[in-house]
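These notes are about the structure you will find just below.
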Amino acid sequence: MRDQLGRDIEYLRISLTERCNLKCIYCREETEYCQAKQELSLSVLTRLMHIFAGLGITKVRLTGGEPLVRKDLEAIVSMIARIPQVRDLSMTTNAQGLAERIGGLHRAGLQRVNISLDSLQEDRYRRMTRGGDLQKTLAGIHAAIREGMIVKINAVLVRGENDAEIDDFIALARDYPIDVRFIELMPFCTLSAADEKRIAGQEILDAHPELHPVAARYPSQPSADYQAQGFRGRIGLINPISHRFCRCCNRVRLTSDGKLRMCLGQEKETDLKAWMHHNDEELLSVIRSAIFDKPKAHEFEENFHATRAMNQIGG
Ligand code: SAM
């Protein structure tokens with residue numbers, strides 16, 4: 001459906017849980033406690049998905065927290081994959097434990113995976129994720145590629161943490177047929193709110209004049225893509241702050257506790273749980289008017305203070 005600014009809203013990101021097996025330093029505080037009790041059940045998700053599909057959602061990404069911590073993930077994937085309007089079904093994951101489940105997820109209907117990988121060095125990976133095992137994520141990446149899935153790598157750059165590895169990440173896109181996307185830090189916890197930690201994509205381009213722009217793979221793509229001679233994959237720069245792409249934003253988010261959030265960088269949410277005892281028509285009308293009112297742009301640069309960490313919203 002169209003929002004008040006004429007943007008076609010066709011993309012829903014569903015956060016299945018705020019729980020995560022990692023605690024990435026830029027995502028949330030070390031001491032944050034996560035719980036499962038607010039999570040939307042398979043039957044609630046099924047009802048909501050049919051309503052969203054009726055409103056024109058054709059593209060769905062599962063995220064969290066970490067979607068792999070949900071034991072019913074395969075059943076959720078299969079439910080969404082069977083909805084005829086949904087043409088694109090993907091997941092964002094840290095891939096810890098993905099290798100064992102990728103076959104089942106693929107068979108259930110998952111088409112693509114974006115895998116978070118912030119360092120190619122074991123110690124740094126463990127430090128940035130507060131306990132993650134790099135080998136498990138690499139095994140997940142290899143398993144997904146073997147499975148024939150489209151794989152993209154997401155790296156959040158944090159100055160003083162992993163910026164020394166930018167060249168190594170770029171080399172991945174040179175040597176393998178995968179896209180590596182550098183995501184600009186957004187302010188969702190103490191560390192990520194520090195402006196001096198943010199690395200804008202332009203800094204990468206200045207250091208790598210060999211990278212030249214290539215056409216986007218699809219119109220509302222958030223990343224600006226680059227390649228150099230001989231590259232098998234692409235480098236994508238996702239710069240929500242230094243190069244905001246709100247004008248072509250086509251997405252809304254459903255949080256794991258049932259809130260519809262129209263913009264990552266605006267706190268306003270509509271509590272769909274409060275409407276679950278209404279009939280489908282009333283629920284649809286609440287969702288429709290929330291989407292219609294989707295804000296014009298994020299407020300990251302206007303004294304934005306996140307009340308929820310990224311894992312609680314769904315990145
Ligand atoms: N657990 C999954 C994962 O690690 O990919 C999915 C959830 S995670 C919150 C989704 C995405 O949000 C990841 O690519 C992560 O790197 C990104 N992210 C988290 N906090 C961020 C921040 N402060 N700024 C930019 N991206 C962030």
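Start at 1 and go down the list; that is how both ligands and their atoms are numbered. The figures that follow rest on heavy atoms only: side chains count, while hydrogens, waters and symmetry mates do not.
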Do Phe188 and Phe304 have ring centroids that are under 6.0 Å from one another? yes

Quick check: do Val158 and Leu185 have side-chain heavy atoms less than 4.5 Å from each other? yes

Output the set of protein residues with a heavy-atom contact under 4.0 Å to ligand 1, ordered first by chain identifier and then by residue number. Tyr26, Cys27, Thr63, Gly64, Gly65, Glu66, Thr92, Thr93, Asn94, Ser116, Asn154, Val156, Ile183, Glu184, Leu185, Met186, Ser192, Met310, Gly315

Flag yes if more than 12 heavy atoms outside Leu5 fall under 6.0 Å of its CG atom; otherwise flag no. yes

Can you check whether Phe231 and Tyr176 have ring centres sitting under 6.0 Å from each other? no

Under the side chain to side chain contact (heavy atoms under 4.5 Å, CB included) test against Leu16, which residue among Leu73, Leu254, Thr255, Asp72 passes? Leu73

Less than 4.5 Å apart, any side-chain heavy atom of Gln38 and any of Glu18? no

